[in-house]
Amino acid sequence: MKRKYYTYISSLILSISFIFSAYSEIDKLQEESMFDEALKLCELNYNDKDIEIMWRMARSYFDISDQTSDEKIQRINIDKALPFAKSALELNPLSAKANHWYAVIIGKQGVLEGTKQKIINSYEVREYGLKAIELDPNYDGTYHLMGRWHYNIADLAWYERTIASAIYATPPNGSFEEAATYFSKASEANPDDIRHYLWLAKSHYQMSNYMDSKLILDKALKLNINNDSDKLLLTQVKELYKKL
């Protein structure tokens with residue numbers, strides 16, 4: 001009886017170790033910008049009851065969509081990501097990563113589908129983004145997400161604000177100042193990510209803080225470029241720099 005018990009425990013420990021090893025390998029591939037490979041490893045370890053795999057599936061599809069400016073490819077991958085993000089949130093509403101990736105995916109979906117859907121989805125982006133920060137106040141990605149939320153709301157054109165007023169009695173309210181605060185927190189949490197600096201510089205540019213914007217872009221130009229997404233961001237950095 002004891003032998004069976006110890007055999008069971010040993011088997012359980014090996015199984016748990018294997019699962020955590022898979023998570024680590026997926027994250028390593030993602031950090032190395034090997035997004036297709038990360039997705040394949042997620043698929044090999046697929047379990048619709050495993051929240052850690054489900055949000056990583058959503059992240060993988062988002063990362064792949066983020067490597068191109070082709071909206072058709074972006075839409076295909078975001079549409080694939082959304083069910084996994086929803087499932088992760090349903091499995092554990094108190095998971096910071098589940099809240100974060102649901103907010104990211106639903107936000108991107110809104111942007112791709114147009115002004116009305118972007119505004120409709122903005123409330124969920126804010127709700128789940130703030131929840132993710134509450135659950136994990138050290139993750140730069142969610143600070144960036146909330147920075148983009150404030151920037152995009154502050155940057156709405158007059159006709160988009162008219163649409164927002166038609167949809168909601170109280171339209172969402174954002175500011176470039178709040179956006180800059182969030183992007184600054186994101187860059188402090190992860191000083192190696194070019195997107196934080198680009199959007200921080202864009203926020204200061206919108207506030208006419210041109211010297212601050214230039215100093216921030218100087219930092220961005222010194223960063224390593226690791227993938228196609230970074231290359232697209234670097235192009236934007238250089239374009240903004242020319243305006244200063």
Could you work out, with side-chain hydrogen bond (donor to acceptor under 3.5 Å, both in side chains) as the rule, every residue matching [X], not counting sequence neighbours?
{"X": "Asn209", "answer": "His204"}
{"X": "Gln67", "answer": "none"}
{"X": "Thr115", "answer": "Glu160"}

Inset, instruction - Mark yes when over 12 heavy atoms from residues, nucleotides or ligands other than Asn173 sit less than 6.0 Å from its CG; otherwise mark no. - result: no

Legend entry - Test of ring centre spacing under 6.0 Å for Trp55 and Phe84: no

Can you list, pair by pair, the side-chain donor-acceptor contacts under 3.5 Å of residues 211-222, counting residues two or more places apart and other chains?
from   : atom 1 : to     : atom 2 : distance (Å)
Ser213 : OG     : Ala201 : O      : 2.9
Lys214 : NZ     : Tyr241 : OH     : 3.0
Asp218 : OD1    : Tyr241 : OH     : 2.8

Is the backbone N or O of [Y] less than 3.5 Å from a side-chain atom of [X], with the two atoms forming a donor-acceptor pair by type?
{"X": "Glu113", "Y": "Lys118", "answer": "no"}
{"X": "Ser187", "Y": "Ser184", "answer": "yes"}
{"X": "Arg75", "Y": "Leu112", "answer": "yes"}
{"X": "Asn99", "Y": "Pro93", "answer": "yes"}

Legend entry - Salt bridge present between Asp66 and Lys108 (N-O < 4.0 angstrom): no

Inset, instruction - Answer yes or no: is there an ion pair linking Arg56 with Glu52, defined by an N-O contact shorter than 4.0 Å? - result: yes

Legend entry - Pairing residues for Tyr205 by the ring-ring contact (aromatic ring centres under 6.0 Å, His included) criterion, not counting sequence neighbours: Tyr210

Inset, instruction - Applying ring-ring contact (aromatic ring centres under 6.0 Å, His included), name anything that partners Tyr128, two or more places apart in sequence or on another chain. - result: Tyr102

Legend entry - For Leu232, the rest of its hydrophobic cluster, which grows through side-chain links under 4.5 angstrom: none

Which pairs with one or both residues in [range] pass salt bridge (charged side-chain N to carboxylate O under 4.0 Å, His left out), sequence neighbours excluded?
{"range": "residues 78-107", "value": "none"}
{"range": "residues 126-138", "value": "Lys131-Glu134"}
{"range": "residues 176-193", "value": "Asp193-Arg195"}

In residues 141-150, what donor-acceptor pairs under 3.5 Å come from side-chain atoms, sequence neighbours left out?
from   : atom 1 : to     : atom 2 : distance (Å)
Thr142 : OG1    : His100 : ND1    : 2.8
Tyr143 : OH     : Pro137 : O      : 2.7
His144 : ND1    : His196 : ND1    : 3.1
His144 : NE2    : Arg148 : NH1    : 3.3
Trp149 : NE1    : Ser122 : O      : 2.8
His150 : ND1    : Ser175 : N      : 3.4

Donor-acceptor contacts under 3.5 Å from residues 30-42 side chains, at least two apart:
from  : atom 1 : to     : atom 2 : distance (Å)
Gln30 : NE2    : Asp63  : OD2    : 3.1
Glu32 : OE2    : Lys28  : NZ     : 2.9
Ser33 : OG     : Asn227 : ND2    : 2.8

